[in-house]
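The basis for the numbers below is simple: all heavy atoms, side chains too, and nothing from hydrogens, waters or symmetry mates. Whatever order the structure lists them in is the order used to number ligands and atoms, beginning at 1.
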Amino acid sequence: MSFFEVPGWSVPTKPALDSNSRKRKRPQPDDADKLQGAEVNFEKLMKKLHTDDSKTSDSPRTKSNKKNKRARGGDKADHGKSVAKQQTGHQEKESQERPHAAVSPPPQKNKSSKKGKAPASSPTSTPPTPSKKKNAPQKSNGGLTALQSNMKSGLDGARFRWINEVLYKSDSESAHKMMREDKNVFDEYHKGFRHQVESWPSNPVSHYIATLASYPPKSVIADLGCGDAALAQALIPQGFTVLSFDLVGDGVFVLEADIFGRLPLPGSEVAGDNSEVNKTEGHGHVCDVVVCALSLMGTNWPNCIREAWRVLRPDGELKIAEVSSRFTDVERFKSFVSSFGFRLKTHDDSNSHFTLFDFKKIARKPKPDSEWEKLLQQGQILKPCEYKRR
Ligand code: SAH
């Protein structure tokens with residue numbers, strides 16, 4: 001098993017390479033050629049057969065809606081399955097591969113473009129898209145032969161991998177722009193993400209659902225980088241207020257926001273002139289808990305920690321789950337987050353894939369801009385989580 005397990009993929013065991021490093025391993029030319037060749041062949045086949053590519057003609061979210069007659073209903077169903085699986089918790093097999101990092105090439109459609117060009121340098125260029133043809137003759141396996149199906153799976157995986165790499169290696173402004181320009185990118189990413197979740201031995205979100213269910217029912221929870229809003233879907237019916245944010249909204253649970261920018265939530269860092277309130281804990285906040293589950297993706301993620309402090313009530317909790325292989329120095333990460341005005345309560349690394357942290361908001365002295373600038377530039381404390389094609 002690998003973190004981002006997609007048919008035809010594997011996750012290497014070597015550590016992530018710094019995205020800024022000039023020594024970052026470049027994509028294997030033969031892999032890129034194969035992938036490109038596969039894409040061309042795939043398109044030829046699709047053309048020849050006039051295949052109805054039902055799996056790509058609708059966005060996953062649309063498909064999900066149709067299937068479950070509610071926004072992201074399919075996600076919920078998937079999530080239910082994964083919750084069941086996750087009850088086995090930390091008992092994954094030792095033989096399973098752990099999430100790790102490596103650089104892989106974005107598939108190139110245009111032969112004239114440079115091979116292996118990292119998506120971070122062109123975050124808003126178009127990711128590879130499988131061809132879409134209608135009126136296909138009916139075949140088994142969604143109208144595709146086994147070969148076509150394998151090829152399509154490889155292309156879907158390549159697309160997911162490409163988007164993932166952009167998300168980890170760009171700042172959030174570029175990622176947000178990419179999502180805005182083509183909403184399918186978000187759907188494609190989450191289609192792949194859900195696929196991975198199904199194969200994980202445990203899922204941080206399920207852990208948070210179980211944990212938060214025992215909190216006072218009036219608790220206000222902000223889920224930053226919520227994905228399919230699994231927390232909201234599980235906890236709102238139980239009476240909790242869950243405010244879910246992601247790069248693309250869904251018109252139901254999820255509000256569009258760049259969580260590394262300014263969160264559309266109240267709360268100040270200082271109390272201003274109001275002498276009645278504690279000037280070291282800010283003022284006007286409404287959140288009891290902030291959750292960042294696998295969402296500290298962009299290079300400017302440290303601003304999310306600053307925002308979490310701003311929107312949290314005094315003593316509020318910040319819960320962070322991250323892929324374990326992203327940490328070069330976990331102690332440094334803990335003290336880094338603490339320096340924003342948090343105290344570490346728990347650090348759970350019992351799971352081989354994910355590390356969970358619970359922080360509590362504490363009072364802090366106002367920081368000068370120069371100090372903020374320094375802090376906010378330390379996104380490299382977390383390595384990107386990448387994967388490569390087998
Ligand atoms: N928390 C969810 C989803 C994890 S995937 C879960 O655990 O199931 C990571 C999510 O973070 C993706 O949905 C991605 O779109 C979101 N994300 C990454 N950067 C973001 C940003 N700058 N602003 C908002 N959401 C972001």
May I ask you to list the atoms of ligand 1 that are less than 4.0 angstrom from any heavy atom of [X]?
X	value
A293	1 (N), 2 (C), 4 (C), 7 (O)
S172	22 (N)
G227	3 (C), 13 (O)
F186	15 (O)
S295	11 (O), 18 (C)

So, does [X] sit close enough to ligand 1 that a heavy atom of it is under 4.0 Å from the ligand?
X	result
V205	yes
W301	no
G298	no

Considering only non-hydrogen protein atoms, determine which one is nearest to [atom] and report residue, atom name and distance to 0.1 Å.
atom	answer
atom 22 (N) of ligand 1	D258 OD1, 2.9 Å
atom 18 (C) of ligand 1	M297 SD, 3.5 Å
atom 10 (C) of ligand 1	G225 O, 3.6 Å
atom 26 (C) of ligand 1	L247 CG, 3.7 Å
atom 24 (C) of ligand 1	A257 O, 3.2 Å
atom 9 (C) of ligand 1	L294 O, 3.4 Å

Tell me whether T211 contacts the main-chain N or O of H207 through its side chain, where contact means a donor paired with an acceptor under 3.5 Å.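 The answer is yes, because a donor-acceptor pair under 3.5 Å joins these two groups.
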Checking the side chain of S244 only, and the main-chain atoms of A232 only, is there a donor and an acceptor separated by less than 3.5 Å?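 Not confirmed, S244 side chain does not pair with A232 backbone.
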Check whether any N or O atom of [X], backbone or side chain, sits under 3.5 Å from an N or O atom of ligand 1, and answer yes or no.
X	result
D246	yes
I259	yes
L167	no

For K183, look at atom NZ and say whether over 12 heavy atoms of other residues, nucleotides or ligands are found less than 6.0 Å away.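 Above 12, so yes.
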Report, as yes or no, whether the 6.0 Å neighbourhood of atom CG on D329 holds more than 12 heavy atoms from other residues, nucleotides or ligands.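 Counting other residues, nucleotides and ligands, CG of D329 exceeds 12 neighbours.
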Just wondering, do F357 and T355 contact through their side chains at under 4.5 Å, heavy atoms?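 In contact.
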With a 4.0 Å heavy-atom cut-off (strictly under), which part of [X] contacts ligand 1: side chain, backbone, both or neither?
X	answer
A321	neither
A175	neither
H190	side chain

Looking at [Y] and [X], is there a salt bridge between them, counting it only when a charged N and a carboxylate O are closer than 4.0 Å?
X	Y	answer
R310	E307	yes
E256	R180	yes
E165	R161	no
D187	K191	no
E269	R306	yes
D315	K361	no

Walk me through it: do Y215 and F240 pass the test ring pair (Phe, Tyr, Trp, His ring centres under 6.0 Å)? CA-CA 9 Å; Y215 279 42; F240 293 93; 7.7 Å; no
